[in-house]
There are 2 protein chains.
Amino acid sequence: MFNTNARSDMKDNGNIDVYPSEAVAQQEDSFTAEDPVNIGKILKKIRTQYQLTLEDASKRTGVAKSTLSKIENEQISPTFAILQKLAKGLDIEIPQLFVEPKQQQATGRRDITEQGKGQQHLTTTYEHELLATQLSSKKMLPYKSRVHARSFEDFGDWVRHDGEEFLLVLEGEVQLLTEFYQPRTLKTGDSAYYDASMGHLVVSSSKEDALILWITTS
Amino acid sequence: MFNTNARSDMKDNGNIDVYPSEAVAQQEDSFTAEDPVNIGKILKKIRTQYQLTLEDASKRTGVAKSTLSKIENEQISPTFAILQKLAKGLDIEIPQLFVEPKQQQATGRRDITEQGKGQQHLTTTYEHELLATQLSSKKMLPYKSRVHARSFEDFGDWVRHDGEEFLLVLEGEVQLLTEFYQPRTLKTGDSAYYDASMGHLVVSSSKEDALILWITTS
DNA sequence: AGAAAAAGTTTCCAATACGAAAAATAATTG
DNA sequence: CAATTATTTTTCGTATTGGAAACTTTTTCT
């Protein structure tokens with residue numbers, strides 16, 4: 001069901017420090033002239049990563065969607081003027097058009113994460129699905145967590161970190177354990193908001209694993 | 001004539017550690033889409049820095065010189081295909097076309113420094129003119145030095161550094177002072193070669209300042 | 001599954017880039 | 001300083017790009 005090399009995993013007691021995606025982000029070499037750079041493929045990757053349709057991209061850049069389509073399909077070689085429009089409209093730097101796209105700043109962007117399509121991050125106590133991982137430097141880190149933990153002992157110690165946290169129970173029933181407070185049961189639909197520097201934990205109190213939405217300030 | 005804040009200058013006793021050009025190299029921000037990037041101006045800078053004519057560049061890149069001319073003069077917006085040819089032919093990375101050019105590797109290149117057009121570097125003892133500063137990572141560092149110094153005392157201590165040194169007297173007469181050796185007078189046309197880790201100095205022994213060509217291994 | 005909407009591709013023509021050669025400048029040389 | 005050569009710019013025909021709209025494919029909704 002979940003990871004069994006318990007000891008080493010216990011250090012990581014379900015808390016998320018940084019989005020793994022930021023650390024994992026593949027390091028691409030900067031483009032050398034020898035490589036067969038496919039500007040079309042790259043542009044498409046950028047556009048789809050932004051979750052823009054050709055029409056959206058057209059509106060942003062002022063370049064006809066037909067042109068965009070042809071560029072993406074390597075049917076034409078865009079002029080530098082077009083490259084500039086693309087860069088400006090998509091708010092990227094031109095050299096970015098020659099390297100595989102990475103995460104993007106959140107400003108002016110959106111990132112839709114479909115059910116189950118988020119980035120998985122497993123611990124012994126929780127099964128996290130990170131949301132909106134395409135965007136970096138976000139003010140909030142949203143993720144869904146399936147709660148395997150059943151008791152304080154499953155963690156070993158309180159979870160503590162900077163910032164504040166909000167959670168909403170999506171499925172099942174959980175107990176919110178909070179330092180200095182009495183445990184509190186939260187049913188589906190209930191939510192909580194708390195200072196994350198105060199020790200806190202969530203354990204499932206129903207038979208099934210509970211599912212919660214979690215949002216942490218970064 | 002030369003710098004007068006003597007004390008701080010004495011530390012720098014005429015020896016050249018690195019080409020100042022490498023340290024001085026202006027730090028340009030990477031291009032943001034907002035800036036009005038002038039690909040023509042940049043291309044021209046690169047080409048002239050390589051000391052290539054339009055025809056040379058045309059041969060290297062396979063792009064017609066007329067096209068190159070028009071690009072440089074911003075009369076046309078080159079297609080991406082052309083940008084690729086330029087990058088490949090000039091052996092640069094495409095993003096380089098969007099930033100002010102810096103020094104270039106020496107491989108396959110040449111750099112002519114016209115009389116007096118080298119990069120000036122003044123000390124209390126010498127007046128250096130660095131040569132071939134367009135190229136980086138050179139095996140040899142050539143420079144001309146006008147010798148102001150007249151005695152060992154003008155330095156304070158031996159000059160020492162890794163590598164070997166060759167010098168040729170271009171004008172005037174100098175004394176080559178070398179650790180473990182007797183001083184030796186060198187007239188115009190005379191030359192010397194020595195291990196630079198051994199203390200060494202050159203002082204002018206004629207009435208006028210002497211001029212020498214100096215080449216150091218790096 | 002069929003209709004409607006959305007997204008992507010292709011067509012066609014005007015606008016523009018590309019290259020060869022001619023014309024104009026700039027640099028050299030006697 | 002005129003003549004020559006080297007270098008850059010302009011001209012002009014051809015090839016290619018870029019955009020509006022038509023068309024096709026994919027997705028969504030009932």
Side-chain angles (χ1 to χ4, degrees), chain A residues 33 36-90 94 97-98 101 109-117 134, chain B residues 33 36-90 94 97-98 101 109-117 134:
Chain A
V37 175
N38 233 320
I39 196 160
K41 226 168 57 188
I42 293 172
L43 175 61
K44 184 163 196 169
K45 221 171 209 169
I46 291 176
R47 179 175 66 80
T48 53
Q49 204 161 82
Y50 278 155
Q51 296 168 203
L52 299 173
T53 66
L54 286 176
E55 186 134 26
D56 294 336
S58 174
K59 275 180 194 153
R60 287 196 183 223
T61 59
V63 176
K65 68 177 179 181
S66 58
T67 302
L68 293 175
S69 170
K70 282 182 267 189
I71 293 172
E72 289 189 356
N73 294 302
E74 297 284 329
Q75 291 177 12
I76 64 175
S77 175
T79 61
F80 179 65
I82 294 291
L83 292 184
Q84 286 195 117
K85 282 191 183 179
L86 293 178
K88 184 161 191 170
L90 298 174
I94 289 197
L97 288 170
F98 314 113
R109 311 248 98 89
R110 72 174 198 189
D111 179 12
I112 293 172
T113 310
E114 290 179 358
Q115 177 84 264
K117 297 289 179 58
Q134 308 278 1
Chain B
V37 175
N38 231 319
I39 195 158
K41 224 168 58 187
I42 293 172
L43 175 61
K44 184 164 197 169
K45 219 170 210 170
I46 291 175
R47 179 175 66 82
T48 53
Q49 203 161 82
Y50 279 154
Q51 294 168 203
L52 299 172
T53 66
L54 287 176
E55 184 134 27
D56 295 336
S58 174
K59 274 179 193 153
R60 286 196 184 223
T61 59
V63 176
K65 66 179 177 182
S66 57
T67 302
L68 293 174
S69 170
K70 282 180 269 188
I71 293 172
E72 289 189 356
N73 294 302
E74 297 285 329
Q75 292 177 12
I76 63 176
S77 176
T79 61
F80 179 64
I82 293 291
L83 292 185
Q84 286 194 117
K85 282 191 183 179
L86 293 178
K88 183 160 191 171
L90 298 174
I94 289 195
L97 288 169
F98 313 112
R109 310 247 99 89
R110 73 172 198 192
D111 180 12
I112 293 170
T113 311
E114 290 179 358
Q115 178 84 264
K117 297 289 179 60
Q134 308 277 4

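Just so it is clear, the values below take in all heavy atoms, side chains as well, and ignore hydrogens, waters and symmetry mates. From a predicted model like this one, the values you see are computed outputs, not experimental measurements.
- S58(B) meets the side chain to side chain donor-acceptor pair (under 3.5 Å) test with no other residue; sequence neighbours excluded.
- Taking atom NZ of residue K65(B) and atom P of nucleotide dA21(C), one finds them 11 Å apart after rounding to whole Å.
- At a threshold of 4.0 angstrom between heavy atoms, the contacts of T53(B) are confined to the sugar-phosphate backbone, with no base atom among them.
- Rounded to whole Å, atom P of dT17(D) lies 13 Å from atom CG of L83(B).
- Regarding L68(B), its CG atom lies at a distance of 12 Å from the P atom of dA20(C), rounded to whole Å.
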Enumerate, atom names and distances included, each donor-acceptor pair closer than 3.5 Å involving a side-chain atom of residues 75-83 of chain B, sequence neighbours excluded.
residue	atom	partner	partner atom	Å
S77(B)	OG	F80(A)	N	3.2
S77(B)	OG	A81(A)	N	2.6
T79(B)	OG1	I82(B)	N	3.4

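- Under 4.0 angstrom from either OP1 or OP2 of dT8(D) there lies at least one side-chain N or O belonging to R47(B).
- Listed by chain and number, the residues in a salt bridge (charged side-chain N to carboxylate O under 4.0 Å, His left out) with K65(B) are E55(B) (sequence neighbours excluded).
- Put simply, the side chain of S66(A) and the base of dA20(D) share a donor and an acceptor less than 3.5 Å apart.
- The nearest whole Å value for the distance from the NZ atom in K44(B) to the P atom in dT8(D) is 7 Å.
- The side chain to side chain contact (heavy atoms under 4.5 Å, CB included) check on K44(B) picks up R47(B), T48(B), E72(B), with sequence neighbours excluded.
- With rounding to whole Å, D56(A) atom CG is found 11 Å from dA6(C) atom C1'.
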Pick out the pairs of N or O atoms, protein on one side and nucleotides 16-18 of chain C on the other, that lie under 3.5 Å.
residue	atom	partner	partner atom	Å
dA17(C)	OP1	S77(B)	N	2.9
dC18(C)	OP1	T79(B)	N	2.8
dC18(C)	OP1	T79(B)	OG1	2.9

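- One atom, CD of E74(B), and another, C1' of dT9(D), lie 15 Å apart when rounded to the nearest Å.
- Closest approach of I39(B) and E74(B) over heavy atoms only: N-OE2, 3.4 Å.
- Annotation: the terminal axes of the helix from dA1(C)-dT30(D) to dG30(C)-dC1(D) meet at 40°, where each axis is the rotation carrying the C1' atoms of four end pairs onto the next four (5 pairs per end, rounded to 10°).
- Between the C1' atom of dT10(C) and the CD atom of E72(A) lies a distance of 15 Å, rounded to the nearest Å.
- Two residues are said to be in side-chain contact when any heavy atoms from C-beta on lie closer than 4.5 Å; L52(A) and I46(A) fail this criterion.
- To the nearest 0.5 Å, atom OG1 of residue T53(B) and atom NZ of residue K59(B) are 7.5 Å apart.
- When the C1' atom of dA6(D) is taken as reference, atom CG of L54(B) falls 12 Å away, rounded to whole Å.
- For the residue pair T61(B) and L68(B), the shortest heavy atom distance occurs at OG1-CD1, 4.4 Å.
- OP1 or OP2 of dT9(C) sits under 4.0 Å from a side-chain N or O of N73(A).
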